[in-house]
Amino acid sequence: MLKRLFDWMTVIGLILLLGRILTAIFLFLDIPFTSFFQDYSIISVIILIIGLVGQQAVKDRKTNR
């Protein structure tokens, strides 16, 4: 169950990261776009890091058994 949680956190973090990249591109090109991804940028990075670290910890736990 913990593995699924970390997998979902990684997927959500990657989606939010992609949204932040798109927002930056649209801002650079002066095209109006939602500011949702800018407003929650720190949260998305934290979710992504926790998901990646959790996946690695679960993977290490399985290999040590």
Side-chain angles (χ1 to χ4, degrees):
M1 177 169 156
L2 205 55
K3 181 184 178 328
R4 290 174 117 189
L5 174 69
F6 291 133
D7 289 345
W8 276 107
M9 289 180 78
T10 303
V11 169
I12 291 169
L14 288 173
I15 291 170
L16 291 173
L17 179 66
L18 179 64
R20 289 178 57 214
I21 292 170
L22 285 174
T23 302
I25 291 170
F26 286 136
L27 283 175
F28 180 73
L29 297 174
D30 288 332
I31 299 172
F33 194 68
T34 181
S35 65
F36 173 79
F37 296 106
Q38 285 182 328
D39 299 339
Y40 297 102
S41 64
I42 294 174
I43 296 170
S44 67
V45 170
I46 292 170
I47 290 171
L48 181 59
I49 290 172
I50 291 173
L52 291 173
V53 169
Q55 278 184 336
Q56 190 64 37
V58 169
K59 187 188 305 181
D60 288 344
R61 185 186 297 172
K62 282 185 178 181
T63 57
N64 288 336
R65 286 185 179 185

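Only a predicted model underlies this, so the values are computations on that prediction, with no experimental measurement involved.
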**Message:** Testing the basics here: between Leu48 and Thr10, what is the closest heavy-atom pair and its distance to 0.1 Å?
**Reply:**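 In terms of heavy atoms, the two residues are closest at CD1-O, 3.8 Å.
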
**Prompt:** Nearest heavy-atom pair of Ile47 and Leu16: which atoms, and what distance?
**Reply:**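 Between these two residues, the closest heavy atoms are CD1-CD1, 4.5 Å.
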
What I'd like to find out is whether the side chain of [X] reaches to under 4.5 Å of the side chain of [Y], using heavy atoms alone.
X    : Y     : answer
Arg4 : Met1  : no
Phe6 : Val53 : no
Leu5 : Leu2  : yes

Return the [atom1] to [atom2] distance between [X] and [Y], rounded to the nearest 0.5 Å.
X     : Y     : atom1 : atom2 : answer
Ile12 : Ile43 : CD1   : CD1   : 12.5 Å
Leu14 : Ser44 : CG    : OG    : 10.0 Å
Ile25 : Arg20 : CD1   : CZ    : 12.5 Å

**Request:** In sequence, state the C-alpha distance, the side-chain angles, and the governing distance for Val45 and Ile49, and then conclude on side-chain contact (heavy atoms from CB on, under 4.5 Å).
**Result:** CA-CA 6 Å; Val45 170; Ile49 290 172; 3.7 Å; yes

